[in-house]
There are 2 protein chains.
Amino acid sequence: MNSCEHCTVRDKAVCRSLNAEDMERLGRMGRHQKLSRGQVLQWEGDESLLIGNVIEGVVKLSASTRQGKDQTLGIAYPGDFIGRPFGARSAQTVTALSEARVCTFRRADFDEFARTHPELEHDMLRRTLDELDHLRSWMLLLGHKSAQSKVASFLLEMAHRLGEPTSDGAGVAFTLPFGRQEIAEVLGMTIETVSRQITQLRNDRLVETPGQRDIVIRDRATLQDLAEME
Amino acid sequence: MNSCEHCTVRDKAVCRSLNAEDMERLGRMGRHQKLSRGQVLQWEGDESLLIGNVIEGVVKLSASTRQGKDQTLGIAYPGDFIGRPFGARSAQTVTALSEARVCTFRRADFDEFARTHPELEHDMLRRTLDELDHLRSWMLLLGHKSAQSKVASFLLEMAHRLGEPTSDGAGVAFTLPFGRQEIAEVLGMTIETVSRQITQLRNDRLVETPGQRDIVIRDRATLQDLAEME
DNA sequence: CGATTCCTTGACTGACCTCAAGTGCCGTGG
DNA sequence: CCACGGCACTTGAGGTCAGTCAAGGAATCG
């Protein structure tokens, strides 16, 4: 059973707009799924049958070119909404980057519920508008920035989402839910270039890398400057 | 006075979701503006005070990097919605690419009206979700495709939006509302590269260019293949 | 018929990709 | 505990595609 009242994203996901009774009704339509790292929830081109909320973990949305190169289109964190309600097809593959839990709905059920709950749609509209703005800032990045700048931007965004102050308080630390290849797919570049850029940031003492996926940002200001260059 | 009943985008813009009475009320809040080519409606970073619909013409949404390079983030056609309701700031500049007419609202007015008209918000939600999907396909393009492929994709999209069959029925013709520089800003490349690619497409007999901004697509199939390459 | 603006073309450069070989990390099994 | 293999990341060498800089042509407008 889904105990929405105790859900960890109760106050972050779209459900927050609902009163207790409606939440209860929506909750009965939903279904919790555990995803292990790398597991695919929905295939690009499948009819979009699932709508969901990320409860725990990180998932990526991606698409691939005909020649088989993948581009990551978005990253969803706990509380974020995934899927495409209302008629259109999903053009994305949803893949768990870490162990994850999601709360899914059959699209038809969700659509109907949403149509009769304006407060839910309003919340979704705001989220979608925010997502649009966010995506547009990534377009700037993909379109014009150098490899150096892309990597710096990426690390800053990750720090913003996942970062914790280091014990000495002088930096921000986090563990990437991405391997190098996945970073490359986000930024539209190759794994080698990503690696070289991170190496250079390390040599320049802007970041440390205690483990392969661990990042400590040491000089946020300079990193920020790099991120804003072309 | 705004006579919404006779508006040319009456059945395309978000207003279509409203009944006659509500449309009338919304219409009284709105204001028509004529824009000449190149005129700016809203500056990047301004507090987003305007919400609007494009009635006629084509406008672009753009942002620029700190170093002064512009990236076009979106293109709005008649019936499309522009602006950012509900709280957040606009991060875009809105510029008319051709003579254009838009119907604008003060944001506060629009927000309040929308909040009390769920059918309007539903329509906006669908539009915004579509826009998001569309933007994601452009990310694929910006991230991974070659210059050749970008230009091919761009021309096909324009043909889809603006194309008319040629008199001999063997091609699709249209006049771009863009100069070369503007195309470059859409695709995240330089004006010289755009020019070279178009020249090559012309040499390969895939398109003709009767005038600087006129395009006739002669071999859609091959162009499509190019567009799908990397 | 200049003057301006926009587009095209050419030569050169450099950033990033490709291909290829290392290096380090971690789990498994001896 | 160490040897081994697999995998992910790093590093290097070389090539290519698009950017830069510069000049020349075509369209548009007074």
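Labels below follow one simple rule: chain letters A, B, ... track the order of the sequence lines, proteins then strands, and each chain is numbered from 1.
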Any idea which of [options] is nearest the [X] side chain?
X: Thr190(A); options: dC17(C), dT10(D), dC16(C); value: dC17(C)
X: Gln197(A); options: dA11(C), dT11(D), dC16(C); value: dC16(C)
X: Gln212(B); options: dT18(C), dG19(D), dC6(C); value: dC6(C)
X: Arg202(A); options: dT11(D), dA18(D), dC17(C); value: dT11(D)

Checklist line | Main-chain N/O of Leu50(A) paired to Thr104(A) side chain as donor or acceptor, under 3.5 Å | finding: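 Not confirmed, Thr104(A) side chain does not pair with Leu50(A) backbone.
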
Note to self: Could you check whether any side-chain N or O of Ser149(A) sits under 3.5 Å from a backbone N or O of Leu226(A), counting only pairs where one atom can act as donor and the other as acceptor?
What the structure shows: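 Yes: the side chain of Ser149(A) pairs with the backbone of Leu226(A).
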
Interatomic distance where [atom1] belongs to [X] and [atom2] belongs to [N] [whole Å]:
X: His144(A); N: dG19(D); atom1: NE2; atom2: C1'; result: 12 Å
X: Glu182(A); N: dC9(D); atom1: CD; atom2: C1'; result: 14 Å
X: Met229(B); N: dC17(C); atom1: CE; atom2: C1'; result: 16 Å
X: Ile198(A); N: dT23(C); atom1: CD1; atom2: C1'; result: 17 Å
X: Ile191(A); N: dC9(D); atom1: CD1; atom2: P; result: 6 Å
X: Asp214(A); N: dC25(C); atom1: CG; atom2: P; result: 13 Å
X: Gln67(B); N: dG19(D); atom1: CD; atom2: C1'; result: 16 Å
X: Leu201(B); N: dT9(C); atom1: CG; atom2: P; result: 13 Å

Is [X] close enough to [N] that one of its side-chain N or O atoms is under 4.0 Å from OP1 or OP2 there?
X: Arg196(A); N: dT11(D); value: no
X: Thr193(B); N: dG19(D); value: yes
X: Lys69(A); N: dC17(C); value: no
X: Lys145(B); N: dA18(D); value: no

Next item on the list: Nearest-nucleotide wise, let me know which of Thr199(B) and Glu230(B) is further upstream toward the 5' end of DNA chain C.
Entry: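 Its nucleotide being nearer the 5' end, the pick is Thr199(B).
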
Check: Are Leu206(B) and Arg218(B) close enough, and set up right, to give a side-chain contact (heavy atoms from CB on, under 4.5 Å), and what steps lead you there?
Finding: CA-CA 5 Å; Leu206(B) 301 182; Arg218(B) 277 292 163 203; over 6 Å; no

Notebook entry, point to check: Will you find, in the side chains of Ser195(A) and Arg180(A), an N or O donor that is under 3.5 Å from an N or O acceptor?
Noted result: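 Note: Ser195(A) and Arg180(A) side chains miss the donor-acceptor criterion.
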
Check: Is there a donor N/O on one and an acceptor N/O on the other, under 3.5 Å, for the side chain of Arg213(B) and the base of dT5(C)?
Finding: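 In this structure, the two groups form no donor-acceptor pair.
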
Next item on the list: Please evaluate the base of dC21(D) for a donor-acceptor partner in the side chain of Glu192(B) within a cut-off of under 3.5 Å?
Entry: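 Yes, the side chain and the base share a sub-3.5 Å donor-acceptor pair.
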
Next item on the list: May I ask you to test the Val59(A)-Thr95(A) pair for a side-chain heavy-atom distance under 4.5 Å?
Entry: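 A side-chain contact under 4.5 Å is absent here.
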
